[in-house]
2 protein chains.
Amino acid sequence: MSTIAVDLHITDAEWEVMRVVWANTQVTSKEVISTLEEKMDWKQATTKTLLGRLVEKGALNTEQEGRKYIYSANIEEKEAVRSFSNDIFDRICRKNVGNVIESIIKDHTLSFDDIQRLEEILEMKKAFAVEEVDCQCAEGQCDCHLHHHGE
Amino acid sequence: MSTIAVDLHITDAEWEVMRVVWANTQVTSKEVISTLEEKMDWKQATTKTLLGRLVEKGALNTEQEGRKYIYSANIEEKEAVRSFSNDIFDRICRKNVGNVIESIIKDHTLSFDDIQRLEEILEMKKAFAVEEVDCQCAEGQCDCHLHHHGE
DNA sequence: AAATAGAGTTTACATTAGTAAACGATTATT
DNA sequence: AATAATCGTTTACTAATGTAAACTCTATTT
């Protein structure tokens, strides 16, 4: 009941639609169409197609309201973002996760609150930190193996 | 000379090939083929196609060595990862960058060194932190606007 | 020299994604 | 009632991706 559709692939174009739904909780196609006509310069047909595909793949729910539909998200934005962001980590060596996070932090503006919160999380993470993260890479796709022995 | 090809799209399948090249610095198609035959269960033709596409799009360099080629990466892994990981942040409200980072940290194993390094980065980020991160979302795609006025 | 194997290039083909027009059923207008 | 405006569904079409066979040299083995 929690992972209803974590692994469904939401494409870039579809994501634009999802954002409108997430932001408004309940929307009609009309609202989505006009928002994306604005932002993306899409013809209404384009948005309609995307809405249809999202309903089809279970990312959106529809509820008949008179003769039109009210769309609502079937997956939480947070979950979708999380699933999407984890894709990065399937592309790199686990040992580099820290470096990637570092680079992300460097690349973005954070608020004082953000920083404080992250510091707290890190503090908590210490309890579960390891001496060295395990490389899970396939042989030949990472050179960690070479770095193991001393020096 | 720095951003040679930051914006070139490397697909999931192509990335598998890149990892082999990055890990070995210099490789022959044979090595890539055998590594991915192992890991991905790909026919050699598949890997050949991918190698060809990557050379074509400038992600890989080739250097004739006798009658075969030596492949090497034309973009750094770090840069590629960075470019890829920034895609997440185009999908969310800037105000949530901190939350996403938080969730990433929670989801992964870090080493003591990682944590310490991240703490240092955060410490430095304080100098550039803002009171509140600006929402850059398009109207209708984010509800930040609503949260502005009190309560 | 002829046959075989290896390496890159071409061609192939199905699926997904981006973008949108056309169609059909309904409701709102004239 | 006839017509026009809506809204969802079907169909369309191109480009990108995943996956791989076939082809063409060239070098090696017999």
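Side chains included, hydrogens not; waters and symmetry mates left out as well; all remaining heavy atoms used. A, B, ... follow the sequence lines: proteins, then strands. Residue 1 opens every chain.
- For the side-chain hydrogen bond (donor to acceptor under 3.5 Å, both in side chains) test, no residue two or more places apart in sequence or in another chain qualifies with A:T109.
- B:Q26 meets the side-chain contact (heavy atoms from CB on, under 4.5 Å) test with B:I70, B:S72; sequence neighbours excluded.
- The CD-P distance, from A:E65 to D:dT6, rounds to 18 Å in whole Å.
- Across the protein-nucleic acid pair, A:E63 atom CD and D:dG8 atom C1' stand 16 Å apart, rounded to whole Å.
- Atom CD of B:Q64 and atom P of D:dT26 are 11 Å apart (whole Å).
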Could you pull out all donor-acceptor pairs under 3.5 Å where a side-chain atom in residues 42-51 of chain B meets a protein atom, sequence neighbours excluded?
{"from": "B:T49", "atom 1": "OG1", "to": "B:A45", "atom 2": "O", "distance (Å)": "3.0"}

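- Residues passing the side-chain hydrogen bond (donor to acceptor under 3.5 Å, both in side chains) test with B:D107, sequence neighbours excluded: A:R82.
- Direction of the helix axis in the helix from C:dA1-D:dT30 to C:dT30-D:dA1 shifts by 20° between the two five-pair termini, rounded to 10°.
- For residues 88-138 of chain A, every residue pair satisfying the ring-ring contact (aromatic ring centres under 6.0 Å, His included) rule, not counting sequence neighbours, is listed here: A:F89-B:H108, A:H108-B:F89.
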Interface polar pairs with nucleotides 5-8 of chain C, N/O, under 3.5 angstrom:
{"from": "C:dA7", "atom 1": "OP1", "to": "B:K68", "atom 2": "NZ", "distance (Å)": "3.0"}
{"from": "C:dG8", "atom 1": "OP1", "to": "B:Y69", "atom 2": "N", "distance (Å)": "3.2"}
{"from": "C:dG8", "atom 1": "OP2", "to": "B:S29", "atom 2": "OG", "distance (Å)": "2.4"}
{"from": "C:dG8", "atom 1": "N7", "to": "B:K48", "atom 2": "NZ", "distance (Å)": "3.1"}
{"from": "C:dG8", "atom 1": "O6", "to": "B:K48", "atom 2": "NZ", "distance (Å)": "3.1"}

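- Residue pairs satisfying the salt bridge (Lys or Arg N to Asp or Glu O under 4.0 Å) criterion with at least one member in residues 108-123 of chain B, sequence neighbours excluded, are listed as follows: A:E102-B:R117, A:K126-B:E119, B:D114-B:R117, B:E123-B:K126.
- Remark: B:R91 pairs with A:D12 by the side-chain hydrogen bond (donor to acceptor under 3.5 Å, both in side chains) rule, at least two apart or across chains.
- Remark: A:K39 engages A:E16 in a salt bridge (charged side-chain N to carboxylate O under 4.0 Å, His left out) (not counting sequence neighbours).
- Enclosure of atom CD in B:E37 by more than 12 non-hydrogen atoms of other residues, nucleotides or ligands within 6.0 angstrom is indicated.
- Other members of a hydrophobic cluster containing B:I33 are absent, since no ILVMFWY side chain comes under 4.5 Å of it, directly or through relayed contacts.
- As rounded to whole Å, 15 Å separates atom C1' of C:dG18 from atom NZ of A:K39.
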Between the protein and nucleotides 16-19 of chain D, which nitrogen or oxygen pairs are less than 3.5 angstrom apart?
{"from": "D:dG18", "atom 1": "OP1", "to": "B:A13", "atom 2": "N", "distance (Å)": "3.4"}
{"from": "D:dG18", "atom 1": "OP2", "to": "B:T11", "atom 2": "OG1", "distance (Å)": "2.4"}
{"from": "D:dG18", "atom 1": "N7", "to": "B:R53", "atom 2": "NH1", "distance (Å)": "3.0"}
{"from": "D:dG18", "atom 1": "O6", "to": "B:R53", "atom 2": "NH2", "distance (Å)": "3.3"}
{"from": "D:dT19", "atom 1": "OP2", "to": "B:W42", "atom 2": "NE1", "distance (Å)": "3.2"}
{"from": "D:dT19", "atom 1": "O4", "to": "B:R53", "atom 2": "NH2", "distance (Å)": "3.0"}

